[in-house]
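See structure below.
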Amino acid sequence: MRLTLRLFDFTQKVNYKTEVLSGLTVALALIPEALAFAIVAGLSPMIGLYAAFIMGFITSVFGGRPGMIAGATGAVAVVLTSLVKDYGPEYVFATVILAGLLQIAIGVFRLGKFIRLVPQPVMYGFVNGLGVVIFLAQLTHFKTTDSLGVQHWIAGTPLWVMLGLVMLTLLIIIWLPRFTKAIPSSLAAILIVSGIVLGFGIETKTVGDVASIQAGFPPLHIPQVPLQWKTLIIIFPYSLVVACVGLTESLLTLNLIDEVTQTRGRGNKECVAQGLANITCGFFYGMGGCTLVGQSIINISAGARARLSGIVASVMLLVFIVFFANIVEKLPIAALTGVMFMVAATTFAWASLKAFGRMPLADVLTMVIVAVITIVLRNLALAVLIGVIISALVFAWESAKRIHAKKYRDEQGVQHYELYGPLFFGSVTAFAGIFDVSTDPAEVVIDFKESRVADMSGIDALDKLTERYQKAGKKLHLKHLSPDCRQLLKNAEKIVEVNIIEDPSYQIAVDTK
């Protein structure tokens, strides 16, 4: 039997104790996040918890990156908010099913590899913005809702108790690993702080104050939407955005964990697994989702490297919901908030701050713009897309400035231009300025040995240059064109007219003795 799951690959060294304890920590950290994201979307809290279980379990078993954690996310919740308001939760279930189909198609056609086009400044902006978003999301736990439904910041004794418990959680997470690593410090912090709160009867906000998590197994449910063209028109834009946002966050997180673990995940496999998970969510009362950067960082930081941790996390989340909801609801939010504060600090790429004054200004600006868009709009896909576009334009501008030529005239009076740098849409203006048609002799050769024609704009520039020389009664030749450039010009031969010098084929004498 071909081994495809690391959990059952006994040739790989797996620390089962670490995997189980790390999974338990993640399960506890998933609860307040899933509840909050469902509420943000305007859905029942249980829909968020069901999504966390389904997404986490399926992607852990079938995904392309062992150790990565998926669940209900804020990025997806924000997209679904207006859909819930206008059409209700049934359309959400249909939307995530269609989003899952789109994600599977992206994985099957191996389009996940395009995430490699994301440059490092964009990655820095992404993780920095996400670190700030995770931090800001925890501040909602420092608010309370009055009888009119208006939120206010807590003050006085409740505030100091909350701050004290959060600080204690952070201190345990930071200092415990210096004495022992037998148990993940995040799990130890949650247990110790919870023990103190319950043991001394300290009044503070608990999981149960956010929402009840008591429920049964996710029920099978067919989305109650009309099977007509109008329904598809409504849900398709949302499905497309959910699919793109989910895969963007997931694949960027995959790359981030690849760097931390010095291993390589499989992006296209992750796309298929996430699509399958979203489809399942749509049929089992889940709001869908994608990879959770914060929980993935918790898992990897605790030492988890196999699929077992994600499976334990999702299964234990369901166990908490079905069997131990009364106990979990008594856990103090302060302990979980402290864990997420540490996740925010770990997610933020502090080393990127050294880039200021050292990296090119364009890269620094790109990093800042991506971070700001991530923080303000909470649209990760848009932030990354804008970052990639900015980086591409900067690269095109810099490449355009590189084109130049060496000029000389041979013994036969032929003018030669040895071209350097790519000829593409950004460099055609500089290219046209290199040549002096009026003073050149009757025959001119452009040598492309150190250059190449990259696009249609380059072909058009050659056509116009040829026309200028023809009007002046002179002959223009192209030399040393690469095979791909020759093919490009051949494909456009009906709309351009250029004269290519056939390069000689050199025979190398081989000594057979």
Side-chain angles (χ1 to χ4, degrees), residues 1-31 33 52-71 107 112 172-173 176-191 249-274 276-277 280 289-320 323-324 339 342-343 346-347:
M1 178 179 177
R2 184 173 177 265
L3 298 172
T4 58
L5 308 181
R6 287 186 181 272
L7 173 64
F8 307 111
D9 183 0
F10 295 106
T11 62
Q12 180 198 24
K13 185 178 179 181
V14 176
N15 188 326
Y16 289 94
K17 175 185 174 183
T18 299
E19 295 289 323
V20 171
L21 292 177
S22 179
L24 182 59
T25 307
V26 171
L28 293 173
L30 280 170
I31 294 172
E33 297 289 299
F53 161 66
I54 295 169
M55 294 295 303
F57 184 80
I58 293 179
T59 57
S60 293
V61 174
F62 300 106
R65 172 72 267 176
M68 204 158 71
I69 305 297
I172 294 172
I173 294 173
L176 185 62
R178 302 188 181 189
F179 301 99
T180 178
K181 295 184 179 179
I183 181 173
S185 59
S186 296
L187 177 60
I190 293 172
L191 295 178
E249 184 168 353
S250 299
L251 295 177
L252 287 178
T253 304
L254 184 145
N255 284 353
L256 181 63
I257 296 177
D258 282 354
E259 293 181 9
V260 173
T261 61
Q262 295 299 303
T263 57
R264 185 171 180 178
R266 298 171 61 186
N268 292 309
K269 186 176 181 182
E270 185 64 31
C271 293
V272 174
Q274 191 171 130
L276 179 61
T280 308
C290 60
T291 297
L292 290 154
V293 180
Q295 279 70 12
S296 298
I297 294 295
I298 292 175
N299 198 39
I300 295 300
S301 299
R305 295 293 183 272
R307 298 182 185 272
L308 180 59
S309 56
I311 295 173
V312 169
S314 55
V315 170
M316 287 306 300
L317 177 62
L318 184 62
V319 170
F320 292 153
F323 300 107
F324 300 105
V339 171
M342 182 56 66
V343 169
T346 306
T347 302

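Owing to the predicted nature of the structure, the values given are computational and were not obtained by experimental measurement. Quick note: numbers below take in every heavy atom, side chains included, and nothing from hydrogens, waters or symmetry partners.
- With contacts defined as side-chain heavy-atom distances shorter than 4.5 Å, the pair Thr291/Leu254 does not qualify.
- Residues Ile300 and Thr261 come closest through the heavy atom pair CG2-CG2, 4.1 Å.
- Residues Tyr16 and Leu308 meet the side-chain proximity criterion, which asks for heavy atoms closer than 4.5 Å.
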Practice item. Apply side chain to side chain donor-acceptor pair (under 3.5 Å) to Thr59 and Arg65, showing your working. Key: CA-CA 9 Å; Thr59 57; Arg65 172 72 267 176; over 6 Å; no

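- Note that OG of Ser186 and CG of Leu21 are 12.0 Å apart. Values are rounded to the nearest 0.5 Å.
- Taken to the nearest 0.5 Å, the CD1 atom of Ile297 stands 13.0 Å off from the CE atom of Met342.
- Atoms CD and CZ, from Glu19 and Arg307 in turn, are 11.5 Å apart once rounded to the nearest 0.5 Å.
- Atoms CZ and CG, on Arg264 and Asn255 in that order, are 9.0 Å from each other to the nearest 0.5 Å.
- Between Met316 and Ala27 the shortest heavy-atom distance is CB-CB, 4.0 Å.
- Nearest heavy atoms, Ser309 versus Asn299: OG-ND2, 2.9 Å.
- Shortest non-hydrogen contact noted between Ser22 and Pro184 is N-CG, 4.0 Å.
- In this structure Thr18 satisfies the side-chain contact (heavy atoms from CB on, under 4.5 Å) test together with Asn15, sequence neighbours excluded.
- Between Phe57 and the choices Leu318, Ile311, Leu317, the side-chain contact (heavy atoms from CB on, under 4.5 Å) rule is met once, by Ile311.
- Across all their heavy atoms, Arg305 and Pro66 have their closest contact at O-CB, 3.5 Å.
- Of all heavy-atom pairs spanning Ile69 and Gly310, the tightest one is CD1-CA, 3.7 Å.
- Residues forming a side chain to side chain donor-acceptor pair (under 3.5 Å) with Glu249 (at least two apart in sequence, or on another chain): none.
- Once rounded to the nearest 0.5 Å, the distance linking CD1 of Ile257 with CG of Leu252 reads 11.5 Å.
- Taking OG from Ser185 and CD1 from Ile190, the interatomic distance works out to 10.0 Å, rounded to the nearest 0.5 Å.
- Taking the side chain as every heavy atom from C-beta outward, Leu292 and Val26 never approach each other to under 4.5 Å.
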Exercise for review: Carefully, step by step, assess Ser314 and Leu30 under the rule side chain to side chain contact (heavy atoms under 4.5 Å, CB included).
Suggested key: CA-CA 9 Å; Ser314 55; Leu30 280 170; over 6 Å; no

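- For the pair Phe320 and Leu24, the minimum side-chain heavy-atom distance is below 4.5 Å.
- Between the side chains of Ser250 and Glu270, no donor-acceptor pair is found at a separation under 3.5 Å.
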